[in-house]
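Heads up: the structure comes next, in C-alpha cells.
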Amino acid sequence: MKHVYIETMGCQMNKSDTERMLGMLSHFDYEETKDPEKADLLMVNTCSIRQLSEDKAFSQLGVWGKWKQDRNPDLKIGMCGCVAQQKARQVFSRAPYVDFVLGTHKIYSLPDVIKRINNGERVCECEETNLPSQNPENYEINRVKSTNAWINITEGCNNFCTYCIVPYTRGRERSRLPETIIKEVKDALNAGFKEITLLGQNVDSYGKDFKDKNYRLADLLRELNSIEGKFRIRFVTSYPTDITDELIETAKELDKVCEYFHIPMQSGNSEVLKAMNRRYDRETYAKIVKKVRDMIPDVTITSDFIAGFPGETEEQFEDTLTAIDEFELDYCNVAAYSPREKTVAARWVDKFIPEDIKNERFQRLNDKVKENCLKSNLKYLGREMEVLVENFYEHKGQMINTGKTRNFKTVHIPCDTDLTGQFVNVKISGAKTWYIKAVLCT
Ligand code: SAH
Ligand code: SF4
Ligand code: F3S
C-alpha cells in the first residue's frame with residue numbers, strides 16, 4: 001500500500017474534487033494519510049481566486065520540492081485544481097520538481113496520470129472539455145466523514161464577471177445529469193449523511209444547458225425531497241437574477257429544503273455592479289431579497305462582497321455598507337479585490353485602488369459584517385429550533401455539541417452526551433457574533 005496526501009485549498013468544488021480523487025486512488029493501492037511526511041504521493045489541490053491563494057500553492061510545492069531533493073528522490077508531487085488548469089505547463093518551469101499537472105477538467109484521468117508518472121514520465125493533462133466530467137469506472141467517492149455531503153450539480157460558469165477567474169479555471173457551465181446526482185445523493189444517505197448540499201457556481205441556472213428536457217433546480221429539489229428518510233437539503237450558490245419565483249415557492253413548500261439562500265451581491269453600488277458585469281443593479285437585488293424574505297419566514301440570507309474594486313469611490317464603497325444593513329444580510333464573505341490574469345478588470349491598472357485604502361475598506365466591511373451577524377443572531381433568543389449536531393468537543397472546560405439550525409445558524413449546546421448526527425430540538429439562550437447558544441429541550 002502506498003500513501004497519498006492531498007492539501008486542499010479553495011472552495012467546496014475543490015473539496016469535492018479531492019474526495020473524488022481519493023476515491024479513485026484507493027483503487028490503485030493508494031491510501032490517504034493525514035501526515036504529508038509519510039506520503040509517497042503529495043498533491044496540492046489549488047485555488048486561484050486571489051493572488052494570495054495562488055502564492056500559497058506554489059510555496060507549498062516549494063517545501064515538498066525540497067523534501068524530494070534532500071531526502072526522497074522517489075517522492076511524487078502533483079498540482080491539480082484551478083491554478084493547474086490555468087497555468088498548465090508553465091507550472092513545470094516555476095516548480096521543476098512537480099511530476100504532474102492535472103487540470104479541473106481532467107480529474108478522471110488521474111489513474112492514467114499516476115501510471116505514467118510511475119513510469120518516469122512528466123505529465124500535463126489540462127485540456128478543456130465542454131461535457132460534465134464523467135466517472136468512467138464508477139469509482140466511489142471517499143467522502144470526508146461528517147454529517148454533510150457536498151454534491152456538485154453544475155460545473156463551470158458562463159457569467160464572466162470582470163474580476164473573476166473561475167470561468168477560465170472551470171470552463172463553461174455544464175449541468176450534471178439528474179440521475180447521476182440522485183444516485184450520489186442516495187449513496188450518501190445510505191452511508192449515513194444527514195444533510196445534502198447541492199453545489200455549483202450558480203446552482204439556480206442548473207439545467208439551462210439541457211437540450212432534450214426542461215428540468216431545472218426546482219425539479220431536482222422535488223425529486224430529492226421525495227427520497228424517504230429524515231435529512232436536509234441545501235443549495236449554494238445562487239446568482240441573484242436566476243432565482244425564479246418557482247424556485248422560491250418550491251424551496252418554501254418542500255419540507256427537507258432548508259430556509260437558507262446564499263446570494264452574493266459583490267457591491268452595493270449599481271455603477272460598480274455594471275463595471276463588474278453583474279446582471280442586476282441595487283434595486284433589482286433588493287427586490288429579489290425582499291421576495292425571498294417575504295415568502296420564507298426565518299430565512300437566512302448570506303452574501304459575498306468585494307472591497308476596493310478598480311475605480312470604486314469612497315461613496316460607492318459606502319453603498320456596500322448600507323446594503324448590508326438595508327437588506328439585513330445575516331452574514332457575508334468579504335475580500336479585498338485581487339487582480340487576476342486574463343480577467344477584464346485586471347487591465348484597468350490606472351483605476352486600481354491603493355493597497356492601504358483597499359485594506360481599510362476591507363476592515364470596515366468586516367466590522368459591518370460582524371455587527372450584522374450579531375444582530376441577526378439576537379433575533380432568535382428564546383426561540384425553539386431544530387439542530388443537526390455536527391461535532392462534540394470540549395470548549396472552555398465544558399463538553400458541547402455544535403451544529404446547525406435549518407436556517408444555517410451555528411449553535412453551541414452544552415451537554416455531556418455526544419449527539420453527533422442527531423436532530424435535536426433546542427431553546428436559544430444566548431447570542432454571540434459567530435454562534436448562538438442553546439439548551440436541549442426536554
Ligand atoms: N459564483 C459565485 C462566486 C464564486 S467565487 C458568485 O457569482 O457570486 C467566490 C467569491 O470570491 C466571489 O463571490 C467574490 O466575492 C470573490 N472573488 C472572486 N474573484 C475575486 C477577486 N478577483 N478578488 C477578490 N475577491 C474575488
Ligand atoms: Fe465568478 Fe461571476 Fe461566475 Fe461567480 S458568477 S463564478 S463571480 S464569473
Ligand atoms: Fe473554487 Fe478557488 Fe477554483 S474558489 S472554483 S477553487 S478558483
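Whatever order the structure lists ligands and atoms in, that order sets their numbers, starting from 1. Numbers for residues simply follow the sequence, beginning at 1.
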*Would one find an N, O or S atom of Cys157, in either backbone or side chain, under 2.8 Å from atom 1 (Fe) of ligand 2?*
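So Cys157 does not bind atom 1 (Fe) of ligand 2 by this criterion.
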_Tell me the contacting part of Cys47 for ligand 3: side chain, backbone, both, or neither, using a 4.0 Å heavy-atom threshold, strictly below._
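It is both backbone and side chain that touch ligand 3.
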*Will you find, in the side chains of Lys368 and Thr320, an N or O donor that is under 3.5 Å from an N or O acceptor?*
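Looking only at side-chain atoms, Thr320 and Lys368 do not form any donor-acceptor pair under 3.5 Å.
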*Determine whether the side chains of Thr405 and Tyr380 contain a donor N or O and an acceptor N or O closer than 3.5 Å.*
no
*Can Ser48 be said to touch ligand 3, with heavy atoms closer than 4.0 Å?*
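Contact present.
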_Any Met9 heavy atom less than 4.0 Å from ligand 3_ =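 False for this residue.
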_Tell me which one of Asp99, Asp74, Asp40 satisfies salt bridge (charged side-chain N to carboxylate O under 4.0 Å, His left out) with Lys68._
Asp99
Part of [X] within contact of ligand 1 (heavy atoms, under 4.0 Å):
X      : answer
Met265 : neither
Pro339 : neither
Arg340 : side chain
Ile306 : side chain

_If we set the cut-off at 4.0 Å for heavy atoms, which region of Tyr163 has an atom near ligand 2: side chain, backbone, both, or neither?_
side chain
*ligand 2-proximal atoms of Pro167, by part, heavy-atom distance under 4.0 Å*: side chain
*atom 5 (S) of ligand 2: which protein heavy atom is closest, and how many Å away?*
Asn159 ND2, 3.3 Å
*Ligand-side contact atoms (ligand 2) for residue partner Arg278, heavy atom cut-off under 4.0 Å*: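 In order of number, 2 (Fe), 5 (S), 7 (S).
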